Amino acid sequence: MELAAKYNAAEVEDKWYAYWLEHKFFHSEPNEKEPYTIVIPPPNVTGILHMGHVLNNTLNDVLIRNARMHGKNACWVPGTDHASIATESKVVAKLKAEGISKEDIGREEFLKHAWAWKEEHGGIILQQLRKLGCSCDWDRTRFTMEPALSEAVINTFVYFYRKGWIYKGVRMVNWDPEALTAVSDDEVVHKDTQSHFYHLRYYISDGNGQPTDKFLVIATTRPETIMADAAICVNPKDERHHWLRGKKVLIPLINREIPVIEDDYVEMDFGTGCLKVTPAHDVHDYEIGLRHNLPVLEIIDDHGKLNENAQILVGEDRFVARKKIVKMLEEAGNLVKVEDYTSPVGYSERTNAVIEPKLSAQWFLKMDTLAKVALETVDSGRTKFIPERYVNTYRHWMENAHDWCISRQLWWGQRIPAYYLPNGQFVVEATPEAALEAARAICPDIKAEDLHQDEDVLDTWFSSWLWPISVFDPDMPGHPDHKPNKDLAYYYPTSDLVTGPDIIFFWVARMIMAGEEFMGREPFSNVYFTGIVRDKIGRKMSKTLGNSPNPLDLIGTYGADAVRIGMLLCSSAGNDIFYDEAQIKQGAAFCNKIWNSYRLVKGFSVDDSIAQTPAAAAAIRWFDAKLSETVATVEDHYRKFRISDALMAIYKLFWDDYCAWYLEAIKPAFGQPVDRATYDATLGYFEALLKLIHPVMPFITEELWQNMEDRKEGETIMYAAAPVVKPFDPETLVNFELAEEAVNGVRGIRNQKNIAPKETLDLKIKGGFPADVLPVVEKMGNVKVETVADFGSGQGVGFMVRTHEMFVALSGLVNVAEEIAKLEKDLAYQQKFLAGVRGKLANERFVANAPAAVIENERKKEADSLSKIESLESQLKALKNS
RNA sequence: GGGCGAUUAGCUCAGUUGGUUCAGAGCACCUGCCUUACAAGCAGGGGGUCGACGGUUCGAAUCCGCCAUCGCCCACCA
């Protein structure tokens with residue numbers, strides 16, 4: 001097959017992905033080999049691929065492919081998450097566009113639409129992952145809301161309920177008035193928000209509901225809630241307000257009478273020292289209300305509008321009401337002053353609506369024991385975090401975990417299996433049948449239609465926390481006594497988890513909790529936290545900014561391998577990723593380099609009758625060692641999850657060592673054949689390099705590996721054994737480096753003197769240079785080497801390779817004065833350096849305290865420096881005499 | 001308000017237990033080359049007071065203190 005001069009990714013990628021699928025290379029079944037398991041962080045079922053996914057899944061795929069080539073039974077389980085709020089809001093929006101509201105059509109009908117939406121848009125992202133080359137075991141694809149996994153969620157709920165860790169309670173929750181659901185504390189984002197501090201005058205009541213001329217002033221940011229006030233509170237130690245004891249005050253505008261109470265909660269030096277207490281609409285006020293037995297009056301409805309209880313401004317949105325009431329207060333003479341004020345306000349992570357603290361009945365899961373156990377998992381190192389510093393974040397959260405609000409006022413999700421009897425009692429059972437039976441124990445003649453299931457569904461994370469277990473054995477969660485099936489027993493615990501730090505609490509922590517609870521051990525050994533993908537000037541990628549490229553376009557333009565390289569190049573562990581298309585271009589250039597190196601190698605004609613050149617022999621000796629050295633480095637990087645470093649090590653091995661040095665050293669003259677031994681070695685190294693880089697660049701490596709020889713159907717580089725480290729003599733590496741430096745020296749002189757590479761030069765080297773690499777110097781430097789004891793008096797330029805003196809003979813091209821100046825400069829530097837070293841050695845405290853090796857090194861520096869000085873001086877002398 | 005992290009070349013980052021000639025890499029940049037694998041390339045080159053100040057030490061990019069700037073997480077002063 002003739003190879004094009006440029007690599008064309010588009011032509012080969014689909015072909016090989018189809019081949020891999022056809023042969024089920026990604027599929028894993030339990031066997032006698034050591035498992036290596038990753039569960040995908042399930043993307044939203046209706047989501048589409050963005051750069052964050054590209055980063056995450058590239059890393060996952062690199063790890064999985066690397067493990068596979070190291071003989072592990074690698075299994076990467078893919079799947080999607082039903083993403084309760086996100087998906088439901090998309091479906092609601094779609095219906096709204098059609099003029100349909102979800103309340104009108106009811107739960108069942110709505111769910112039909114939701115499933116239809118899921119069927120239409122779901123799983124697109126999994127198709128996109130195929131384009132990226134991800135080697136997921138597609139036969140194991142899971143969905144958090146598929147029947148088996150939903151059952152696991154319900155069983156888990158029943159399990160914790162029976163254990164007494166799930167309870168229903170009326171609590172102040174974070175209410176999202178747009179999504180119309182409660183959200184957990186973790187889904188609330190606090191942002192400093194510019195607002196106002198309103199100072200309001202409340203008149204003291206005369207006892208009959210009429211204002212006196214005495215008043216107090218409170219400060220509030222939420223004047224629209226005054227109608228829900230239940231009291232005014234002051235600090236008992238605050239003498240300024242003692243006169244208020246036992247008094248009642250009137251709420252402005254509506255003139256309702258409320259008491260003045262005392263509580264330590266109030267800060268004396270904040271605001272006016274008087275706090276309006278609004279138990280229905282503020283978390284702290286609710287607490288105060290509980291302590292003082294205050295009535296709770298709700299005046300804001302689920303949509304964030306004032307209701308009948310408010311008496312005034314009924315039906316107005318809370319923010320509109322705020323503006324209007326300020327005006328009304330001003331007109332009524334109750335507004336003392338308005339200050340600018342910045343305070344943290346909670347926003348819904350999902351809808352960005354301002355969270356309304358709201359009293360409502362919700363389901364909670366107790367966190368104390370779960371959190372304590374899960375903290376121990378990480379503290380003991382059974383699960384490691386990379387980078388390690390996330391352990392601190394994790395610990396802080398675990399030590400302060402509040403009970404988890406797990407109910408959501410949505411329909412898309414697993415419905416809470418609580419069934420209410422007409423008398424208000426409820427039973428919790430996994431199925432309606434079991435619920436009926438349980439209900440009959442309470443109320444013997446109850447019928448199925450008398451039971452009413454709870455309207456709420458469970459938080460999405462209440463299903464995804466089971467992921468590492470339920471994808472293998474959905475019967476396990478909720479049944480810790482159940483014997484794990486074959487898959488779960490084999491694949492659990494999984495090996496590594498790659499995810500973003502933004503879901504450390506939502507997901508990672510909770511998977512550890514569930515893992516410990518149901519399996520009695522950690523769900524994964526390592527958690528690698530990636531950074532957030534930002535654009536090149538540091539902004540988060542977002543749709544509104546339009547700074548997020550479409551990964552599929554990039555794959556189309558540059559190829560999946562290039563995109564993968566581009567992402568990895570800039571992804572040092574734990575740091576945010578500054579995405580720049582230039583890095584993907586670099587990846588594409590690397591593909592092309594690999595491609596062309598293969599074109600060269602493949603173009604060699606072999607002659608079995610000719611002997612290996614000394615330069616080729618030296619290059620092979622060296623590259624053999626270099627390969628082993630690099631493989632060892634790469635493996636070390638992988639162990640430490642330094643994937644971009646591993647990539648860079650291979651990149652340099654391929655480009656600099658193999659292409660720039662090795663291939664040039666063994667390359668025969670144009671049109672000439674190469675000997676058999678060299679050819680075989682060269683192809684062998686090429687294959688080793690392909691295997692080494694395959695986890696990062698799966699497509700081009702498969703393409704070339706298949707092309708190298710006639711592979712049988714069913715063969716793949718995916719399962720080729722990774723190159724192993726062989727023992728090597730470090731001196732081989734050092735000697736070749738000397739040769740490289742000698743060549744570089746010659747090239748430098750050529751550049752300086754404008755001498756064409758084609759022109760062969762004479763290079764004199766003083767004795768002691770390793771002889772076996774001299775042929776490499778001759779070939780690569782295009783020089784004729786002569787080993788001499790003395791350079792004699794001919795014209796030329798001298799230079800040093802470490803301690804070896806070299807001299808390029810040049811006649812007519814040397815400007816003696818210039819050379820002298822250069823040598824004198826070098827000499828001065830060297831003398832200064834020597835003085836420094838000697839100063840150190842003369843320092844008694846240094847000699848007394850420093851380790852022997854360090855002192856020894858200083859002595860070596862001294863000796864080397866002396867020899868260089870000697871050489872420079874003799875060169876100078878020769879020049880001056882010429 | 002509390003905690004964590006970062007600050008090294010124009011950019012993105014390495015730099016392990018303080019000590020090899022340690023101040024590095026990739027990209028970008030500059031100069032010269034279309035040398036028959038590759039111009040997505042080849043050869044050469046310039047560029048940093050390691051954020052500031054102080055301290056420990058024979059020796060500090062590295063350890064300690066303080067400050068500055070940036071980022072992230074947590075947080076109920078209305």
Side-chain angles (χ1 to χ4, degrees), chain A residues 3 5-7 172 185-186 190 197 218-222 233 265-267 269-272 274-278 282-287 341 343-344 346 357 387 389-394 396-397 400 501-502 504-505 531-532 536 538 558 562 569-572 574-578 580 582-583 585-604 640 642 644-645 647-649 651-652 659-660 663-664 667 670-671 744 747-752 754 756-758 802 833 837 840 843-851 853-858 860-861 864-865:
Chain A
L3 293 174
K6 283 188 198 288
Y7 171 60
M172 196 57 94
D185 290 347
D186 313 296
H190 291 272
F197 216 17
I218 59 99
T220 180
T221 54
R222 300 201 62 187
C233 190
Y265 170 79
V266 180
E267 300 285 335
D269 51 4
F270 187 80
T272 61
C274 294
L275 170 71
K276 76 188 217 32
V277 182
T278 318
D282 185 278
V283 185
H284 331 290
D285 291 11
Y286 179 68
E287 300 290 325
Y341 187 64
S343 63
R389 66 186 142 89
Y390 283 109
V391 173
N392 291 330
T393 314
Y394 179 83
H396 183 260
W397 190 79
N400 297 285
D502 48 331
I504 183 169
F505 308 131
I532 293 165
K536 75 196 228 193
Y558 300 104
L569 276 176
C570 55
S571 68
S572 60
N575 291 330
D576 281 357
I577 313 306
F578 292 88
D580 186 347
Q583 276 141 344
K585 287 184 179 157
Q586 193 184 344
F590 186 40
C591 288
N592 201 47
K593 187 70 187 176
I594 293 173
W595 182 260
N596 277 292
S597 65
Y598 179 66
R599 285 179 68 216
L600 173 69
V601 173
K602 204 187 172 223
F604 285 156
K640 295 171 180 161
R642 302 173 70 137
S644 59
D645 288 346
L647 166 59
M648 190 44 68
Y651 180 94
K652 286 196 264 192
C659 293
L663 286 179
E664 293 298 335
K667 192 171 162 182
F670 180 64
N744 287 342
R747 284 174 176 172
I749 290 165
R750 282 184 193 279
N751 235 279
Q752 214 173 21
N754 225 344
K758 283 180 211 152
R802 303 194 194 177
F833 180 78
V837 172
K840 234 176 186 183
N843 183 335
E844 278 171 35
R845 286 191 293 181
F846 171 73
V847 180
N849 292 314
V854 173
I855 296 170
E856 187 49 43
N857 190 57
E858 290 302 315
K860 186 170 178 294
K861 284 194 215 169
D864 287 357
S865 184

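These numbers come from a predicted model, not from an experiment. Protein chains get the first letters and strands the later ones, always in sequence-line order, with residue 1 at the start of each.
Using cut-offs of 30° and 60° on the angle between ring planes, the pair A:Phe197 and A:Phe270 is tilted.
Closest approach to the A:Arg747 side chain among B:rA43, B:rA37, B:rA14 is made by B:rA43 (side chain taken as heavy atoms from C-beta onward). In this structure, the nucleotide among B:rA37, B:rA14, B:rC58 sitting nearest to the side chain of A:Arg642 is B:rA14. Between B:rC4, B:rC58, B:rG26, one nucleotide has an atom nearer to the side chain of A:Ala850 than all others, and that is B:rC58. Proximity note for A:Asp645 (side chain, C-beta onward) versus B:rC58, B:rA40, B:rA14: the nearest is B:rA14.
Here the side chains of A:Tyr265 and A:Leu275 are in contact, with some heavy-atom distance below 4.5 Å. Side-chain contact between A:Ser865 and A:Val837: absent, with no pair of heavy atoms (C-beta onward) separated by less than 4.5 Å.
One interatomic measurement links the two molecules: NZ of A:Lys593 to P of B:rC38, which rounds to 10 Å at whole-angstrom precision. Rounded to an integer number of Å, the gap from CZ of A:Phe578 to P of B:rC11 is 12 Å. The CZ-C1' distance, from A:Arg802 to B:rU20, rounds to 12 Å in whole Å. Distance A:Leu663 CG to B:rU35 P: 19 Å, rounded to the nearest Å. Rounded to whole Å, the distance from CZ on A:Phe846 to C1' on B:rG59 is 8 Å. Distance, A:Met648 CE to B:rG24 P: 18 Å, rounded to whole Å. Separating the CD1 atom of A:Ile855 from the C1' atom of B:rC58 is a distance of 10 Å, rounded to the nearest angstrom. A straight line from CD of A:Glu844 to P of B:rU57 spans 18 Å, rounded to a whole angstrom.
Residue A:Phe505 is tested with A:Trp397, A:Tyr390, A:Tyr394 for a ring pair (Phe, Tyr, Trp, His ring centres under 6.0 Å); the sole match is A:Trp397. The residue from A:Asp285, A:Ile218, A:Val266 that alone fulfils the side chain to side chain contact (heavy atoms under 4.5 Å, CB included) condition with A:Cys233 is A:Val266.
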Base versus backbone protein contacts along nucleotides 72-78 of chain B [heavy-atom cut-off under 4.0 Å; B, S, -]: -SS-BBB

Annotated protein contacts, base or backbone, on nucleotides 46-51 of chain B with a non-hydrogen cut-off under 4.0 Å, one of B, S, - each: ------

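As rounded to the nearest Å, B:rA37 and B:rC50 have C1' atoms that lie 41 Å from one another. A distance of about 36 Å separates the P atoms of B:rU69 and B:rC22, rounded to the whole Å. Rounded to whole Å, the P atom of B:rC58 lies 48 Å from the corresponding atom of B:rA75. Separating the P atom of B:rG26 from that of B:rA68 is a span of 38 Å, rounded to the nearest Å. On the P atoms, B:rG46 is 39 Å away from B:rU57, given to the nearest whole Å. One P atom belongs to B:rA28, the other to B:rC42, and the distance between them is 12 Å to the nearest Å. Rounded to whole Å, the separation between the P atoms of B:rC70 and B:rC64 comes to 24 Å. Remark: the separation of the P atoms in B:rG1 and B:rC67 is 13 Å, to the nearest Å.
Where A:Arg845 and A:Asn744 meet RNA chain B, the nucleotide closest to each residue was compared, and A:Asn744 sits on the side nearer the 5' end. Across the interface with RNA chain B, nearest-nucleotide mapping of A:Ala660 and A:Tyr651 shows A:Tyr651 to be the residue nearer the 5′ end.
Nucleic acid contact class of A:Asn592 (heavy atoms, under 4.0 Å, all strands): base. Contact annotation for A:Phe590: no contact, since no heavy-atom pair falls under 4.0 Å across all strands. Within the 4.0 angstrom heavy-atom criterion, base atoms lie near A:Cys659. Base contact: A:Ala588 has a heavy atom under 4.0 Å from a base atom. Residue contacts shown for A:Lys585 are absent, as no nucleic acid heavy atom lies under 4.0 Å away. Using a 4.0 Å heavy-atom criterion, one finds that A:Pro851 contacts the bases of the nucleic acid, with or without backbone contacts as well.
The closest donor-acceptor contact from the side chain of A:Asn857 to the backbone of A:Ala853 lies at 3.5 Å or more, if one exists at all. With hydrogens and angles disregarded, a donor-acceptor distance shorter than 3.5 Å links the side chain of A:Asn592 to the backbone of A:Tyr7.
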Test side-chain contact (heavy atoms from CB on, under 4.5 Å) applied to A:Ser644 and A:Leu569, step by step: CA-CA 5 Å; A:Ser644 59; A:Leu569 276 176; over 6 Å; no

Candidate pair A:Asp864 and A:Arg802, rule side-chain contact (heavy atoms from CB on, under 4.5 Å), full reasoning: CA-CA 8 Å; A:Asp864 287 357; A:Arg802 303 194 194 177; over 6 Å; no

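Remark: the A:Gln586 side chain and the A:Tyr558 side chain contain no N/O donor-acceptor pair separated by less than 3.5 Å. Inspection of the A:Arg599 and A:Asn596 side chains reveals an N or O donor paired with an N or O acceptor under 3.5 Å.
Between the side chain of A:Gln586 and the base of B:rA28 there is no donor-acceptor pair of N/O atoms closer than 3.5 Å.
Residue A:Lys6 has a polar side-chain atom (N or O) positioned under 4.0 Å from OP1 or OP2 of B:rA40.
Contacts of A:Lys667 classified as salt bridge (Lys or Arg N to Asp or Glu O under 4.0 Å), with partners at least two apart in sequence or in another chain: A:Glu664.
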